[in-house]
Chemist: 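Just dropping this structure here.
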Amino acid sequence: MLDTTMIQTRGFKNTPGGFELRLRLPYYRGLWAGLIEGVTVTVDGETFAPEDAHWTIGELRGPLREIAASESARWPVDVAAVIGLRRDQPLSIGFHDVAAELAIQMSYIPEELQPTLWTEQRRLVVSR
Amino acid sequence: MLDTTMIQTRGFKNTPGGFELRLRLPYYRGLWAGLIEGVTVTVDGETFAPEDAHWTIGELRGPLREIAASESARWPVDVAAVIGLRRDQPLSIGFHDVAAELAIQMSYIPEELQPTLWTEQRRLVVSR
Amino acid sequence: MSGSLEYGVSLYSYTGEYGVTMTLDDCIEDVADLGATGLEILGEAHIEDYPNPPTAWLDAWFERLDRFGLTPTCYGSWVDHRRFPGRDITEDEAVQQLETDIRLAARLGFKYVRPKLGVVTADLEPHPVWEPATLRVLDLAEQQDVIICPEIHWPSVIRSKVVDDYIALIERTGTKHFGLLMDTGVFQTSMHHRSGGVPSRMGRGSARPPITPVVPVSDLEDVLQHVVHVQAKFYEIDDELQDHYIPWAEFLEVLVRRGWSGFLSSEYEGDYATGRAADQLRRQHALLRTLVAKETS
Amino acid sequence: MSGSLEYGVSLYSYTGEYGVTMTLDDCIEDVADLGATGLEILGEAHIEDYPNPPTAWLDAWFERLDRFGLTPTCYGSWVDHRRFPGRDITEDEAVQQLETDIRLAARLGFKYVRPKLGVVTADLEPHPVWEPATLRVLDLAEQQDVIICPEIHWPSVIRSKVVDDYIALIERTGTKHFGLLMDTGVFQTSMHHRSGGVPSRMGRGSARPPITPVVPVSDLEDVLQHVVHVQAKFYEIDDELQDHYIPWAEFLEVLVRRGWSGFLSSEYEGDYATGRAADQLRRQHALLRTLVAKETS
Ligand SMILES: [Mn+2]
Ligand SMILES: [Mn+2]
């Protein structure tokens with residue numbers, strides 16, 4: 001099952017050449033991928049731009065713009081997305097302040113009020 | 001999935017000739033049925049004796065002593081038991097104070113300290 | 001004329017629990033357990049691999065309806081006109097989206113399909129594609145035996161151009177496959193501020209949503225003949241079984257007096273604390289059934 | 001002599017979440033996700049239809065081990081001598097229980113089986129059936145290639161008759177299939193009072209459990225040669241990555257200096273608030289790995 005939070009406890013870890021974290025859609029339904037504008041991740045004050053994020057949503061993999069190129073691509077509400085980011089040094093073992101701002105287009109809200117921005121900050125642990 | 005509480009929200013309702021409620025095992029493993037001594041249920045101050053409870057644990061049905069007569073009978077830790085009790089009048093629509101005391105033998109605790117008693121009180125709703 | 005009210009639940013109510021503490025199985029079992037007979041879902045939330053559920057999912061769907069004695073009521077759908085970055089969807093694409101959901105809803109046994117339409121102006125004017133696209137799928141709705149029912153939902157109000165336009169479409173075409181869905185949040189007497197969930201805000205600019213007037217329940221009288229389904233939106237029923245946000249007694253008085261028949265489909269939209277949805281739904285059903293019993297006795 | 005420490009997790013750690021917010025899948029995935037390679041389970045908690053898991057469960061078990069790169073470490077079992085109301089189990093029944101679990105554990109790939117033995121006196125003397133029953137299953141343990149390892153667990157202490165008896169059995173028989181499991185809760189320097197969960201109390205009478213002395217880590221030196229598995233019991237790692245209950249630096253110093261090889265298998269036994277187990281396990285592994293890196297550098 002998922003954590004209630006957008007940023008999931010499971011999934012935050014070093015990877016070859018960077019690190020990754022998992023996000024759930026903090027909304028009540030899944031979305032066509034084209035409605036997702038992107039996510040800005042910050043770790044200990046270091047910000048990672050939305051266009052540098054590599055997404056994995058189930059079988060879908062790649063930058064968001066490539067995933068959304070497929071008209072049938074969706075982010076289901078009960079599937080956490082893995083956000084991969086490049087970083088020269090691995091994150092140190094121990095605590096890190098992790099923030100994410102997820103931007104999404106809600107068609108039923110006037111465009112001048114969009115995108116809707118979900119923001120969250122959590123203290124997560126790199127355990128190895 | 002189950003509620004964290006022993007007394008589950010789901011399952012408290014009137015039945016023909018009485019009412020029922022669901023309990024989870026508030027322990028970390030499933031148990032051989034013979035280790036369960038019984039449950040005392042109280043609703044709005046009215047107490048129902050352990051020997052009057054009709055148990056349903058998965059496919060197993062009956063009074064606890066009948067269920068435990070089968071040496072292979074178990075209460076799995078992730079399965080809620082349905083406790084059926086007889087009552088002349090249906091419970092009224094609205095709130096009820098429901099309490100349960102579950103008594104279990106823990107073999108690795110000296111017998112003079114047994115049974116272990118789990119007690120809980122919750123305010124539940126009869127919705128129809 | 002004597003109507004019959006039935007009780008249902010929309011799985012939207014379990015938003016804070018779904019995928020966290022409750023599976024789809026749990027949600028559907030909970031609806032039946034609390035004594036409801038009507039089941040409402042959101043296509044894009046609850047159907048695995050939407051819009052193409054695997055056979056195993058479909059089999060499980062019908063098996064559950066049967067086991068729990070539940071009737072599918074309304075299927076929530078969306079027409080996301082900003083689905084393709086940089087442009088609005090075309091009329092053909094809107095038709096395609098509606099057709100997809102109508103067929104899928106009918107296949108699952110639903111009688112009502114609620115398309116949520118995009119808005120194009122700050123005063124919530126729907127995207128103009130709604131009318132031609134709707135007209136083009138009315139025949140399919142008839143063939144599939146479903147009624148398309150856009151939702152009157154806060155901050156929209158009953159006395160508005162959009163509702164007038166919906167009714168005009170019904171009167172002009174004489175269709176039996178288009179109606180209104182009444183969300184009771186429209187009648188909220190004060191604003192509930194939900195706790196829990198992930199904090200969100202609208203946009204990066206300074207624009208803010210319009211202030212919404214309180215809508216009197218009496219406004220319902222004008223449109224009730226077109227209302228085919230009620231989403232019984234609520235936020236909190238307190239420990240005395242009172243709701244301080246939605247005037248249920250007044251609302252139910254109108255439904256009973258007018259002999260309205262259909263489902264009251266609960267939409268819990270209150271605080272997200274674990275376990276709250278299941279408890280609040282039971283409180284609401286206890287309250288609704290108690291009030292209806294008073295009205296009809 | 002240079003040992004190698006490996007890191008594992010017992011699914012006991014997820015007691016507050018299992019079946020509530022986490023499935024077995026979730027638990028096993030979490031163990032791998034936090035970087036552990038050893039997986040410990042409780043037979044009577046985590047095996048579907050224990051002791052006869054269906055084929056689909058077994059298939060899923062091996063598929064997960066493979067996918068997540070996990071090694072089964074220890075399988076927790078129980079010999080419930082009060083299992084049949086009104087009488088103690090017989091020696092034959094104790095043997096049967098042990099055989100059931102040894103076979104099932106071996107089938108699932110475990111190397112260690114921890115039988116939890118019943119106690120018969122207030123000072124925690126084990127039920128006398130333990131020794132003859134154990135002797136009767138040593139051959140099966142050898143045949144199935146598992147080591148039976150009763151647990152030294154608070155409120156028992158290391159310097160005690162029961163531990164002496166365990167060691168005497170090893171020395172007398174020369175068996176390689178019996179050893180000790182060290183639960184680090186034995187070394188707790190103060191008592192943690194867990195919050196959350198359902199309140200319980202022991203018995204209806206006035207008897208109370210014994211007061212337990214603090215066990216110095218140095219006591220471990222005497223028995224370490226017989227310790228085959230460590231359950232790294234812990235209650236809380238604070239926001240500075242400190243543990244105020246278990247003296248990890250001292251404990252790990254002994255293991256590293258003595259060249260002990262085996263798994264440190266985390267047993268989280270702290271507060272039950274949702275989400276706490278996964279976070280605390282990560283904190284503990286960060287702490288353990290940091291301390292071991294210091295000891296070995
Ligand atoms: Mn609604
Ligand atoms: Mn232990």
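Per chain, numbering begins at 1; letters A, B, ... match sequence-line order. Here the structure is a predicted model, which is why all the values come from computation and not from measurement.
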Chemist: If you count heavy-atom pairs under 4.5 Å between each of D:Leu11, D:Thr15, D:Val198 and chain B, which one has the most?
Modeler: D:Val198
Chemist: Based on non-hydrogen pairs under 4.5 Å, which of B:Thr5, B:Leu113, B:Leu102, B:Thr4 is most in contact with chain D?
Modeler: B:Leu113
Chemist: Do D:Arg83 and B:Leu31 come within less than 4.5 Å of each other through their side chains, counting heavy atoms only?
Modeler: no
Chemist: For the candidates B:Glu112, B:Glu37, B:Arg65, which exhibits the highest count of non-hydrogen atom pairs separated by less than 4.5 Å from chain D?
Modeler: B:Glu112
Chemist: Quick one: sort the B:Tyr28 and D:Trp78 rings into parallel, tilted or perpendicular, breaks at 30° and 60°.
Modeler: tilted
Chemist: Examine whether an atom of D:Leu42 lies under 4.5 Å from a heavy atom of chain B, and if so say whether it belongs to the side chain, the backbone or both; otherwise answer neither.
Modeler: side chain
Chemist: Please state whether the side chain, the backbone, both or neither of D:Thr21 comes within less than 4.5 Å of a heavy atom of chain B.
Modeler: backbone
Chemist: Please look at D:Tyr50 and chain B and tell me whether the side chain, the backbone, both or neither of the residue comes under 4.5 angstrom of a heavy atom of that chain.
Modeler: both
Chemist: Which answer fits B:Ala103, side chain, backbone, both or neither, if we ask what part of it has an atom under 4.5 Å from a heavy atom of chain D?
Modeler: side chain
Chemist: Return the option, out of B:Glu71, B:Glu101, B:Arg74, with the maximum number of heavy-atom pairs under 4.5 Å with chain D.
Modeler: B:Arg74
Chemist: Any non-hydrogen side-chain atom of D:Glu44 less than 4.5 Å from a side-chain atom of B:Pro76?
Modeler: no
Chemist: Please report the interatomic distance CE(B:Met106) to OG(D:Ser200), rounded to the nearest 0.5 Å.
Modeler: 8.0 Å
Chemist: For a 4.5 angstrom cut-off between non-hydrogen side-chain atoms, does B:Ile109 reach D:Met202?
Modeler: yes
Chemist: Distance check, rounded to the nearest 0.5 Å: D:Arg201 atom CZ versus B:Trp118 atom CH2?
Modeler: 12.0 Å
Chemist: Measure D:Glu269 against the heavy atoms of chain B and call it side chain, backbone, both or neither at under 4.5 Å.
Modeler: neither
Chemist: Is there side-chain contact between D:Arg82 and B:Gln114, with heavy atoms separated by less than 4.5 Å?
Modeler: yes
Chemist: Rounded to the nearest 0.5 Å, what's the gap from NE2 on D:His127 to OG on B:Ser107? Could you check?
Modeler: 9.0 Å
Chemist: For the atom pair OH (D:Tyr18) and CE (B:Met1), what is the distance rounded to the nearest 0.5 Å?
Modeler: 9.0 Å
